[in-house]
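These notes concern the structure reproduced below.
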Amino acid sequence: MYLWDLAWRKGSLGYIKYVLKSTLMKLPVFGWAFHILEFISVERRWEVDELSMRQMLSSFKDPQDPLWLALFPEGTDFTEQKCMRSQKYASENGLPILKNVLVPKTKGFYACLEDLRGSLDAVYDVTIGYKPRCPSLLDNVFGVNPSEVHMHVRRLALDEIPTSEEKVAAWLMNTFQLKDQLLANFYLQGHFPNQGTEGDLSTLKSFVNVLAVILLISMCTFFTFCSSSWFKVYVSLVCCYLSSATYFNVRPIPLLG
(Lines give C-alpha, C1' and ligand atoms only; values in the text may rest on other atoms or scores of the structure.)
Protein backbone atom coordinates (compact mmCIF):
# COMPACT_ATOMS: atom_id res chain seq x y z
CA MET A 1 0.00 0.00 0.00
CA TYR A 2 2.81 2.44 0.83
CA LEU A 3 4.62 1.66 -2.41
CA TRP A 4 1.40 2.57 -4.23
CA ASP A 5 1.42 5.84 -2.31
CA LEU A 6 5.05 6.44 -3.34
CA ALA A 7 4.23 5.70 -6.98
CA TRP A 8 1.26 8.10 -6.84
CA ARG A 9 3.46 10.89 -5.49
CA LYS A 10 5.99 10.28 -8.28
CA GLY A 11 3.38 10.20 -11.05
CA SER A 12 3.94 6.49 -11.74
CA LEU A 13 0.87 4.87 -10.18
CA GLY A 14 -0.21 3.28 -13.46
CA TYR A 15 3.22 1.75 -14.06
CA ILE A 16 3.69 -0.32 -10.89
CA LYS A 17 3.33 -4.10 -10.95
CA TYR A 18 3.97 -6.54 -8.12
CA VAL A 19 5.33 -10.03 -7.71
CA LEU A 20 3.01 -11.59 -5.13
CA LYS A 21 1.95 -14.97 -3.78
CA SER A 22 -0.60 -16.85 -5.87
CA THR A 23 -3.18 -17.14 -3.09
CA LEU A 24 -3.80 -13.38 -3.32
CA MET A 25 -4.63 -13.74 -7.02
CA LYS A 26 -7.52 -16.04 -6.12
CA LEU A 27 -9.28 -13.45 -3.95
CA PRO A 28 -12.63 -12.33 -5.45
CA VAL A 29 -12.53 -8.81 -6.93
CA PHE A 30 -9.04 -7.98 -5.55
CA GLY A 31 -7.43 -10.97 -7.24
CA TRP A 32 -9.26 -10.13 -10.46
CA ALA A 33 -7.84 -6.61 -10.34
CA PHE A 34 -4.33 -7.97 -9.71
CA HIS A 35 -4.75 -10.24 -12.73
CA ILE A 36 -5.93 -7.42 -15.00
CA LEU A 37 -3.04 -5.21 -13.83
CA GLU A 38 -0.59 -7.97 -14.88
CA PHE A 39 0.84 -8.76 -11.47
CA ILE A 40 3.09 -11.84 -11.39
CA SER A 41 1.81 -14.62 -9.13
CA VAL A 42 4.24 -17.08 -7.56
CA GLU A 43 3.93 -20.26 -5.49
CA ARG A 44 7.31 -19.44 -3.88
CA ARG A 45 8.76 -22.69 -5.26
CA TRP A 46 11.21 -21.93 -8.05
CA GLU A 47 10.67 -25.20 -9.92
CA VAL A 48 6.98 -24.27 -10.23
CA ASP A 49 7.36 -20.51 -10.71
CA GLU A 50 10.22 -20.21 -13.18
CA LEU A 51 8.33 -20.81 -16.44
CA SER A 52 5.31 -18.60 -15.69
CA MET A 53 7.47 -15.85 -14.21
CA ARG A 54 9.76 -15.69 -17.23
CA GLN A 55 6.74 -15.66 -19.56
CA MET A 56 5.34 -12.63 -17.74
CA LEU A 57 8.71 -10.89 -17.63
CA SER A 58 9.06 -11.33 -21.40
CA SER A 59 5.96 -9.16 -21.87
CA PHE A 60 7.54 -6.30 -19.86
CA LYS A 61 10.63 -5.80 -22.05
CA ASP A 62 9.43 -2.92 -24.22
CA PRO A 63 11.56 0.07 -23.08
CA GLN A 64 8.82 2.40 -24.34
CA ASP A 65 6.37 0.92 -21.81
CA PRO A 66 7.14 2.45 -18.36
CA LEU A 67 7.47 -0.13 -15.59
CA TRP A 68 7.94 -0.22 -11.84
CA LEU A 69 8.30 -3.89 -10.89
CA ALA A 70 8.01 -4.34 -7.12
CA LEU A 71 9.73 -7.47 -5.80
CA PHE A 72 10.01 -8.60 -2.17
CA PRO A 73 13.05 -10.95 -1.95
CA GLU A 74 12.14 -11.99 1.61
CA GLY A 75 9.09 -13.75 0.16
CA THR A 76 6.75 -12.99 3.06
CA ASP A 77 5.96 -10.42 5.74
CA PHE A 78 8.17 -9.95 8.79
CA THR A 79 7.09 -11.43 12.14
CA GLU A 80 9.07 -12.46 15.20
CA GLN A 81 8.45 -16.16 14.52
CA LYS A 82 9.53 -15.88 10.88
CA CYS A 83 12.58 -13.93 11.97
CA MET A 84 13.59 -16.73 14.34
CA ARG A 85 13.16 -19.33 11.60
CA SER A 86 15.17 -17.14 9.21
CA GLN A 87 17.97 -16.73 11.76
CA LYS A 88 18.05 -20.50 12.33
CA TYR A 89 18.33 -21.07 8.57
CA ALA A 90 21.10 -18.47 8.33
CA SER A 91 23.02 -20.05 11.21
CA GLU A 92 22.78 -23.52 9.66
CA ASN A 93 23.96 -22.27 6.26
CA GLY A 94 26.75 -19.90 7.32
CA LEU A 95 24.83 -16.74 6.38
CA PRO A 96 24.72 -13.42 8.28
CA ILE A 97 22.24 -13.30 11.19
CA LEU A 98 19.69 -10.57 10.45
CA LYS A 99 17.46 -9.08 13.15
CA ASN A 100 15.15 -6.65 11.32
CA VAL A 101 14.73 -8.36 7.95
CA LEU A 102 14.56 -11.94 6.72
CA VAL A 103 17.16 -13.78 4.65
CA PRO A 104 16.37 -12.86 1.01
CA LYS A 105 15.64 -15.43 -1.69
CA THR A 106 17.72 -14.77 -4.76
CA LYS A 107 16.39 -16.79 -7.72
CA GLY A 108 13.36 -14.60 -8.48
CA PHE A 109 15.40 -11.42 -8.11
CA TYR A 110 18.10 -12.77 -10.42
CA ALA A 111 15.49 -13.82 -13.01
CA CYS A 112 14.03 -10.30 -13.04
CA LEU A 113 17.48 -8.78 -13.50
CA GLU A 114 18.49 -11.27 -16.19
CA ASP A 115 15.29 -10.93 -18.25
CA LEU A 116 14.82 -7.17 -17.91
CA ARG A 117 18.42 -5.93 -17.86
CA GLY A 118 18.10 -4.60 -21.41
CA SER A 119 15.03 -2.48 -20.64
CA LEU A 120 15.61 -1.30 -17.05
CA ASP A 121 17.60 1.79 -16.12
CA ALA A 122 18.01 1.14 -12.39
CA VAL A 123 17.06 -0.87 -9.32
CA TYR A 124 15.58 1.04 -6.38
CA ASP A 125 16.27 -0.38 -2.94
CA VAL A 126 13.36 0.72 -0.72
CA THR A 127 13.46 0.31 3.06
CA ILE A 128 10.34 1.24 5.05
CA GLY A 129 10.27 2.19 8.74
CA TYR A 130 7.07 2.59 10.74
CA LYS A 131 6.19 4.60 13.84
CA PRO A 132 5.33 3.62 16.48
CA ARG A 133 5.34 0.03 15.15
CA CYS A 134 4.80 -2.06 12.07
CA PRO A 135 1.04 -1.96 11.35
CA SER A 136 -1.23 -4.95 10.97
CA LEU A 137 -3.83 -5.11 8.19
CA LEU A 138 -6.57 -3.93 10.57
CA ASP A 139 -4.37 -1.05 11.77
CA ASN A 140 -4.24 0.18 8.19
CA VAL A 141 -7.95 -0.41 7.53
CA PHE A 142 -9.07 1.62 10.57
CA GLY A 143 -6.30 4.23 10.34
CA VAL A 144 -4.98 3.42 13.84
CA ASN A 145 -1.33 2.91 12.92
CA PRO A 146 1.21 3.87 11.77
CA SER A 147 1.36 7.50 12.74
CA GLU A 148 4.42 7.98 10.50
CA VAL A 149 5.84 6.06 7.55
CA HIS A 150 9.50 6.63 6.66
CA MET A 151 11.03 5.47 3.37
CA HIS A 152 14.70 5.19 2.54
CA VAL A 153 15.21 4.92 -1.24
CA ARG A 154 18.57 4.08 -2.78
CA ARG A 155 18.99 4.21 -6.57
CA LEU A 156 21.35 1.58 -7.98
CA ALA A 157 22.46 1.74 -11.61
CA LEU A 158 22.48 -1.65 -13.32
CA ASP A 159 26.22 -1.53 -13.91
CA GLU A 160 26.67 -1.54 -10.11
CA ILE A 161 24.99 -4.95 -9.89
CA PRO A 162 26.86 -8.16 -10.88
CA THR A 163 25.67 -10.30 -13.79
CA SER A 164 26.41 -13.86 -12.60
CA GLU A 165 23.87 -15.60 -10.36
CA GLU A 166 26.37 -16.37 -7.58
CA LYS A 167 27.61 -12.79 -7.43
CA VAL A 168 24.05 -11.43 -7.52
CA ALA A 169 23.17 -13.68 -4.55
CA ALA A 170 26.15 -12.34 -2.58
CA TRP A 171 25.33 -8.76 -3.59
CA LEU A 172 21.70 -9.16 -2.48
CA MET A 173 22.79 -10.59 0.88
CA ASN A 174 25.12 -7.63 1.41
CA THR A 175 22.27 -5.28 0.49
CA PHE A 176 20.04 -6.88 3.12
CA GLN A 177 22.76 -6.57 5.72
CA LEU A 178 22.78 -2.83 4.98
CA LYS A 179 18.99 -2.75 5.26
CA ASP A 180 19.17 -4.56 8.58
CA GLN A 181 21.60 -1.98 9.98
CA LEU A 182 19.57 0.86 8.48
CA LEU A 183 16.45 -0.33 10.31
CA ALA A 184 18.38 -0.89 13.55
CA ASN A 185 19.51 2.75 13.41
CA PHE A 186 15.99 3.88 12.52
CA TYR A 187 14.52 2.22 15.62
CA LEU A 188 17.16 3.93 17.78
CA GLN A 189 17.11 7.40 16.19
CA GLY A 190 13.56 7.60 14.84
CA HIS A 191 14.60 8.56 11.31
CA PHE A 192 16.72 7.51 8.35
CA PRO A 193 19.93 9.41 7.47
CA ASN A 194 19.67 12.61 5.41
CA GLN A 195 15.92 12.49 5.70
CA GLY A 196 13.65 14.94 3.90
CA THR A 197 9.89 15.44 4.16
CA GLU A 198 7.24 14.70 1.56
CA GLY A 199 4.40 17.17 1.21
CA ASP A 200 0.82 16.19 1.92
CA LEU A 201 -1.29 14.88 -0.93
CA SER A 202 -3.96 17.24 -2.21
CA THR A 203 -7.08 16.83 -0.07
CA LEU A 204 -9.30 18.09 -2.89
CA LYS A 205 -7.81 15.70 -5.44
CA SER A 206 -8.11 12.77 -3.03
CA PHE A 207 -11.72 13.69 -2.23
CA VAL A 208 -12.60 13.90 -5.94
CA ASN A 209 -10.99 10.49 -6.55
CA VAL A 210 -12.97 8.94 -3.69
CA LEU A 211 -16.22 10.42 -5.01
CA ALA A 212 -15.45 9.10 -8.51
CA VAL A 213 -14.82 5.59 -7.15
CA ILE A 214 -18.02 5.66 -5.06
CA LEU A 215 -20.03 6.90 -8.05
CA LEU A 216 -18.64 4.22 -10.34
CA ILE A 217 -19.30 1.43 -7.82
CA SER A 218 -22.82 2.75 -7.18
CA MET A 219 -23.62 2.85 -10.91
CA CYS A 220 -22.32 -0.68 -11.47
CA THR A 221 -24.26 -1.96 -8.44
CA PHE A 222 -27.45 -0.26 -9.64
CA PHE A 223 -27.15 -1.64 -13.17
CA THR A 224 -26.35 -5.10 -11.83
CA PHE A 225 -29.39 -5.43 -9.60
CA CYS A 226 -31.92 -2.95 -10.98
CA SER A 227 -31.44 -2.83 -14.76
CA SER A 228 -32.41 -5.06 -17.65
CA SER A 229 -31.31 -8.66 -17.76
CA TRP A 230 -28.59 -8.12 -20.42
CA PHE A 231 -26.35 -6.26 -17.97
CA LYS A 232 -26.82 -8.97 -15.34
CA VAL A 233 -25.80 -11.58 -17.90
CA TYR A 234 -22.75 -9.48 -18.83
CA VAL A 235 -21.67 -9.14 -15.18
CA SER A 236 -22.19 -12.87 -14.58
CA LEU A 237 -20.06 -13.76 -17.61
CA VAL A 238 -17.32 -11.34 -16.56
CA CYS A 239 -17.24 -12.79 -13.02
CA CYS A 240 -17.10 -16.35 -14.37
CA TYR A 241 -14.30 -15.46 -16.76
CA LEU A 242 -12.22 -13.60 -14.16
CA SER A 243 -12.73 -16.37 -11.59
CA SER A 244 -11.50 -19.03 -13.99
CA ALA A 245 -8.71 -16.83 -15.41
CA THR A 246 -7.26 -16.07 -11.97
CA TYR A 247 -7.70 -19.65 -10.75
CA PHE A 248 -5.94 -21.21 -13.75
CA ASN A 249 -3.65 -18.18 -14.33
CA VAL A 250 -4.88 -17.73 -17.90
CA ARG A 251 -3.64 -14.56 -19.60
CA PRO A 252 -5.14 -13.88 -23.04
CA ILE A 253 -3.01 -12.48 -25.85
CA PRO A 254 -3.91 -8.82 -26.62
CA LEU A 255 -5.99 -8.32 -29.79
CA LEU A 256 -4.02 -5.19 -30.67
CA GLY A 257 -0.42 -4.12 -30.20
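Only heavy atoms go into these numbers, but all of them, side chains included; no hydrogens, no water, no symmetry mates.
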When rounded to the nearest 0.5 angstrom, what distance separates [atom1] in [X] from [atom2] in [Y]?
{"X": "Leu183", "Y": "His152", "atom1": "CG", "atom2": "NE2", "value": "10.0 Å"}
{"X": "Trp8", "Y": "Leu201", "atom1": "CH2", "atom2": "CG", "value": "5.0 Å"}
{"X": "Ser59", "Y": "Arg54", "atom1": "OG", "atom2": "CZ", "value": "14.0 Å"}

Nearest non-hydrogen partners of [X] and [Y], listed with the distance:
{"X": "His35", "Y": "Asn249", "value": "CE1-OD1, 4.1 Å"}
{"X": "Gly75", "Y": "Arg44", "value": "O-NH1, 2.9 Å"}
{"X": "Thr246", "Y": "Gly31", "value": "CG2-O, 3.7 Å"}
{"X": "Cys112", "Y": "Leu71", "value": "SG-CD2, 4.2 Å"}
{"X": "Ser244", "Y": "Tyr241", "value": "OG-O, 2.8 Å"}
{"X": "Leu3", "Y": "Met151", "value": "N-CE, 4.1 Å"}

Is it true that a side-chain atom of [X] and a backbone atom of [Y] form a donor plus acceptor pair closer than 3.5 Å?
{"X": "Asp180", "Y": "Lys99", "value": "yes"}
{"X": "Asp125", "Y": "Arg154", "value": "no"}
{"X": "Arg9", "Y": "Asp200", "value": "no"}
{"X": "Arg251", "Y": "Met56", "value": "no"}
{"X": "Glu148", "Y": "Lys131", "value": "no"}
{"X": "Glu74", "Y": "Val103", "value": "no"}
{"X": "Thr224", "Y": "Cys220", "value": "yes"}
{"X": "Ser119", "Y": "Asp62", "value": "no"}
{"X": "Lys17", "Y": "Leu37", "value": "yes"}

Can you check side-chain contact (heavy atoms from CB on, under 4.5 Å) on Gln55 and Leu51, steps first, answer last?
CA-CA 6 Å; Gln55 286 177 341; Leu51 179 61; 3.9 Å; yes

Would you sort out whether Ser147 and Tyr130 count as a side-chain contact (heavy atoms from CB on, under 4.5 Å), showing the intermediate values?
CA-CA 8 Å; Ser147 59; Tyr130 304 97; over 6 Å; no

Please list every donor-acceptor pair under 3.5 Å in which a side-chain atom of residues 185-195 meets a protein atom from a residue at least two apart or in another chain.
from	atom 1	to	atom 2	distance (Å)
Asn185	OD1	Gln181	NE2	3.0
Asn185	ND2	Gln181	O	3.4
Gln195	OE1	His150	ND1	3.0
Gln195	OE1	Phe192	N	3.0
Gln195	NE2	His150	ND1	2.9

Does Leu172 share a hydrophobic cluster with Leu120, counting links as ILVMFWY side-chain heavy atoms below 4.5 Å and allowing steps through other members?
yes

Can we call the ring centroids of Tyr18 and Trp68 under 6.0 Å apart?
no

Looking just at side-chain N and O atoms, do [X] and [Y] make a donor-acceptor pair shorter than 3.5 Å?
{"X": "Tyr2", "Y": "Asn140", "value": "yes"}
{"X": "Lys82", "Y": "Thr76", "value": "yes"}
{"X": "Ser206", "Y": "Asn209", "value": "no"}
{"X": "Thr127", "Y": "Lys179", "value": "yes"}

In terms of side-chain geometry, is the basic nitrogen of Glu165 or Lys107 positioned less than 4.0 Å from the acidic oxygen of its partner?
yes

Test: Asp49 and Arg45 ion pair at under 4.0 Å:
no

Ring of Tyr247, cation from Lys26 - is the NZ or CZ under 6.0 Å from the centre and inside 45° of the axis?
yes

